[in-house]
Amino acid sequence: MTLRLPLSTLMTRAQAVKTATVGNRVYLRGLIEFSNRCRKNCYYCGIRNGNRTIGRYELTDEEVLHAVDFAWRNRYGSIVLQSGERQSAHFTARITRLLQQIKRHTQGEIGITLSCGEQSADVYRRWFEAGAHRYLLRIETSSPALYAKIHPRNPTHDFDTRLAALHHLKTIGYRTGTGVMIGLPFQTIDDMENDLRFFQQMNIDMIGMGPYIEHRDTPLYRYRDLLLPPAQRLELALKMVAALRLLMPHINIAATTALQTLHPAGREQALRAGANVFMPNITPMKYRNDYRLYDNKPCLHDAPSLCNDCTATRIQNAGDKIAYGEWGDRCNFEL
Ligand code: 5AD
Ligand code: SF4
Ligand code: FES
């Protein structure tokens, strides 16, 4: 029933819980969108395989290491290596090599989160052994019926396979992150409350969830008339963040970029609603335009140094402090 409470009530409660548990400290994770190649065709996503209107790219090792170095020098506790989903021996080997290089370059100091989609348990294990200790794999929605509506119906887009991948990650020992989109066409308030219960049942370590935002070159665009107007969608997303902080007081919750598309201060508001993780975009400028998951994605024209300064201001505006140089894992004794 929580999502039916007024936003202000939820935010006041969540803010108090946040201060008492994770504190007013925000962890930084430098986001490197290292490739937009993807084997999938999710109906909502701008970099889906079927979108021929974008150029496909992949950062070189040097470009990745340069971005990592930027994060390290600016005392970000960790980085997130994110890409579309690819499954090949070549891809596995490349990520493994990159992980080892990053560990060496930063003398093991920087924490590494991977977000490269569904892989076999064996691949996940190899990457874990090479130095990745966190993995983000959004379930997108915990409702199998809704999942089937927003993905093509074939074995490559199978809800149970995705769920199994999340379980593998946990078994291997990753700090596991997941998340959903909020305000999807056909999605109900009950669906979203079930999403929150799903996170709790899975005992998830971190959550990145944000509003669904339409993209003109995707199949779901035709249902845009079913969407809540931006202000209400933002409100719902903030309610989800606050409700989750109340439900799982100690976990990491990200103030996601999509919130900023709906409102310039969307991410600060998420911090006030209980989020404690911020992911400044440190992808080299020339690639950003091609990693457009949705229309009006922010930071497309802002250099890493600009996002860096902007992040500091936003966190300050929300009344929080940056926890420089910390990985920011959920502590086991708090579980
Ligand atoms: N609106 C909001 N989020 C999106 N994602 C993909 N497409 C969209 C969209 N149109 C999110 C998915 C994915 C993450 C990388 O980006 O949740 O897991
Ligand atoms: Fe690929 Fe992820 Fe986009 Fe789906 S949401 S098309 S898996 S990048
Ligand atoms: Fe990129 Fe503000 S975080 S410009």
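What's counted below: heavy atoms across the whole structure, side chains too, no hydrogens, waters or symmetry copies.
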(request) For the pair R48 (side chain) and C38 (backbone), establish whether a donor and an acceptor sit closer than 3.5 Å, ignoring hydrogens and angles. (result) no
(message) Between R56 and D290, does any side-chain N to carboxylate O distance fall below 4.0 Å?
(response) no
(request) Assess whether salt bridge (charged side-chain N to carboxylate O under 4.0 Å, His left out) is satisfied between R162 and D158, documenting all intermediate values. (result) CA-CA 6 Å; R162 198 162 186 85; D158 178 57; over 6 Å; no
(message) Using a 3.5 Å distance criterion without hydrogens, assess whether the side chain of D320 forms a donor-acceptor pair with backbone atoms of V26.
(response) no
(request) Indicate the ring-plane relationship of H151 and Y44, choosing parallel, tilted or perpendicular according to the 30° and 60° boundaries. (result) perpendicular
(request) Could I get the full list of side-chain contact (heavy atoms from CB on, under 4.5 Å) partners for I189, not counting sequence neighbours? (result) L3, R4, M192, E193, L236
(request) Please report the shortest heavy-atom distance between G77 and W327, naming the atom on each side. (result) O-CD1, 3.4 Å
(request) Measure the shortest side-chain to side-chain distance between R97 and D61 over non-hydrogen atoms and say whether it is less than 4.5 angstrom. (result) yes
(message) Show the nearest heavy-atom pair for residues L196 and L247, with the distance to one decimal.
(response) O-CD2, 3.6 Å
(message) Looking only at the side chains, is there a donor atom on one of E63 and Y287 sitting less than 3.5 Å from an acceptor on the other?
(response) yes
(message) Would you say that V80 contacts I32 through its side chain, given a criterion of any heavy-atom pair below 4.5 Å between the two side chains?
(response) no
(message) I need the Q316 CD to R314 CZ distance, nearest 0.5 Å.
(response) 13.0 Å
(request) I would like to know whether R75 and E326 meet salt bridge (charged side-chain N to carboxylate O under 4.0 Å, His left out); could you show each step before the answer? (result) CA-CA 8 Å; R75 295 189 297 140; E326 291 184 39; over 6 Å; no
(message) Under the criterion salt bridge (charged side-chain N to carboxylate O under 4.0 Å, His left out), I'd like the reasoning laid out for R37 against E85: C-alpha separation, chi angles, the key distance, then a yes or no.
(response) CA-CA 7 Å; R37 300 210 172 104; E85 184 172 298; over 6 Å; no
(request) Could you tell me whether a side-chain N or O of T256 sits under 3.5 Å from a main-chain N or O of G208, the two making a donor and an acceptor? (result) no
(message) Under a plain distance cut-off of 3.5 Å, with no hydrogens placed, do N194 and S142 share a side-chain donor-acceptor pair?
(response) no
(request) Kindly check if the number of other-residue, nucleotide or ligand heavy atoms within 6.0 Å of NE2 (H105) is above 12? (result) yes
(request) Would you give the length of the straight line joining atom CZ of F199 to atom CD1 of I139, rounded to the nearest 0.5 angstrom? (result) 9.0 Å
(message) As a quick check of understanding, evaluate side-chain contact (heavy atoms from CB on, under 4.5 Å) for N24 and K321, giving each step before the final call.
(response) CA-CA 6 Å; N24 285 74; K321 281 205 174 67; 6.0 Å; no
(message) Could you check whether any side-chain heavy atom of M209 comes within less than 4.5 Å of a side-chain heavy atom of D195, counting everything from C-beta outward?
(response) no
(message) Is it the case that over 12 heavy atoms from other parts of the model lie below 6.0 angstrom from the CD atom of Q100?
(response) yes
(message) Let's go through L81 and T113 carefully: what are the C-alpha distance in whole Å and the side-chain angles of both, what is the deciding distance for side-chain contact (heavy atoms from CB on, under 4.5 Å) to 0.1 Å, and is it a yes or a no?
(response) CA-CA 6 Å; L81 279 181; T113 305; over 6 Å; no
(request) May I ask you to test the M206-V277 pair for a side-chain heavy-atom distance under 4.5 Å? (result) no
(request) Please answer whether the main-chain N or O of G55 pairs with a side-chain N or O of N36 as donor and acceptor at a distance below 3.5 Å. (result) yes
(request) Kindly give the heavy-atom pair with the smallest separation between L99 and A132, and that separation in Å. (result) CD2-CB, 4.0 Å
(request) Kindly say whether P280 contributes a backbone atom to a donor-acceptor pair with the side chain of T311 at under 3.5 angstrom? (result) no
(request) State whether the side chain of S143 and the backbone N or O of D191 hold a donor-acceptor pair below 3.5 Å, judged by distance alone. (result) no
(request) Find out whether T257 and N281 are in side-chain contact, i.e. whether some heavy atom of one side chain is under 4.5 Å from a heavy atom of the other. (result) no
(request) Could you verify whether a donor N or O on one side chain and an acceptor N or O on the other, from H157 and N154, lie under 3.5 Å apart? (result) yes
(request) For Q107 and R104, indicate whether the former's side chain and the latter's backbone hold a donor-acceptor pair under 3.5 Å. (result) no
(message) Under a 3.5 Å threshold, yes or no: a donor from one side chain and an acceptor from the other, between S78 and R134?
(response) yes
(message) Contact between C299 and R288 at the side-chain level, heavy atoms closer than 4.5 Å - yes or no?
(response) yes
(message) Rounded at 0.5 Å granularity, tell me how far CD1 in I54 sits from OH in Y57.
(response) 8.5 Å
(message) Testing R138, K40, R86 one by one against E118 for a salt bridge (Lys or Arg N to Asp or Glu O under 4.0 Å), which residue passes?
(response) K40
(request) Answer with yes or no whether the hydrophobic clustering places L114 together with W72; edges join I, L, V, M, F, W, Y residues whose side-chain heavy atoms lie under 4.5 Å apart. (result) yes
(message) Would the distance check show the side chain of R126 and the main-chain N or O of V123 forming a donor-acceptor pair, the cut-off being under 3.5 Å?
(response) no
(message) Counting C-beta onward and ignoring hydrogens, is there a side-chain heavy-atom pair between W127 and T92 closer than 4.5 Å?
(response) yes
(request) Report yes or no: does K239 contribute a side-chain atom to a donor-acceptor pair with the main-chain N or O of M11 at less than 3.5 Å? (result) no
(message) Whether R224 engages the ring of Y221 as a cation-pi pair (distance to the six-membered ring centre under 6.0 angstrom, angle to the ring normal within 45°) should be assessed.
(response) yes
(message) Using the rule that Ile, Leu, Val, Met, Phe, Trp and Tyr join whenever any side-chain heavy atoms are under 4.5 Å apart, tell me whether L234 and L228 fall into a single cluster.
(response) yes
(message) If hydrophobic clusters are built from ILVMFWY residues whose side chains come within less than 4.5 Å, do V64 and I282 share one?
(response) yes
(request) Can you see which heavy atom on T96 is nearest to which on A130, and at what distance? (result) CG2-CB, 3.8 Å
(request) Establish, from distance only, whether the side-chain atoms of T188 and D190 form a donor-acceptor pair under 3.5 Å. (result) no
(message) Under a 3.5 Å threshold, yes or no: a donor from one side chain and an acceptor from the other, between Y174 and D205?
(response) no
(request) Take atom CG of D295 as the centre, draw a 6.0 Å sphere, and report whether it contains more than 12 heavy atoms from other residues, nucleotides or ligands. (result) yes
(message) Under a 3.5 Å threshold, yes or no: a donor from one side chain and an acceptor from the other, between D122 and S120?
(response) no
(request) Find out whether R29 and N252 are in side-chain contact, i.e. whether some heavy atom of one side chain is under 4.5 Å from a heavy atom of the other. (result) yes
(request) For side-chain contact (heavy atoms from CB on, under 4.5 Å), just list the numbers for F91 and S35, CA-CA rounded to whole Å, side-chain angles, deciding distance to a tenth of an Å, and then say yes or no. (result) CA-CA 11 Å; F91 186 69; S35 173; 5.7 Å; no
(request) Specify the closest pair of heavy atoms between P304 and T283, including all atoms of both residues, with the distance to one decimal. (result) CG-O, 4.2 Å
(message) Do V180 and L169 sit in one hydrophobic cluster, given that two such residues count as connected whenever their side-chain heavy atoms are within less than 4.5 Å of each other, even indirectly?
(response) yes
(message) Under the criterion side-chain contact (heavy atoms from CB on, under 4.5 Å), I'd like the reasoning laid out for I251 against I207: C-alpha separation, chi angles, the key distance, then a yes or no.
(response) CA-CA 8 Å; I251 63 167; I207 293 293; 3.9 Å; yes
(request) Look at the side-chain heavy atoms of Ile, Leu, Val, Met, Phe, Trp and Tyr, link any pair under 4.5 Å apart, and say whether I204 and M181 land in one connected group. (result) no
(message) side chain to side chain donor-acceptor pair (under 3.5 Å), that's the test. Do Y291 and Q82 meet it? Break it down for me.
(response) CA-CA 10 Å; Y291 206 86; Q82 187 174 77; 3.2 Å; yes
(request) Check G111 against H133 and note the closest heavy-atom contact, atom names and distance. (result) CA-NE2, 3.7 Å
(request) Could you tell me how the ring of Y135 sits relative to the ring of Y124: parallel (under 30°), tilted (30 to 60°) or perpendicular (over 60°)? (result) perpendicular
(message) Between N276 and K18 (side chain of the first, backbone of the second, donor and acceptor by atom type, cut-off under 3.5 Å), is there such a pair?
(response) no
(message) Take a 6.0 Å sphere around OH of Y223 and say whether it holds more than 12 heavy atoms from other residues, nucleotides or ligands.
(response) no
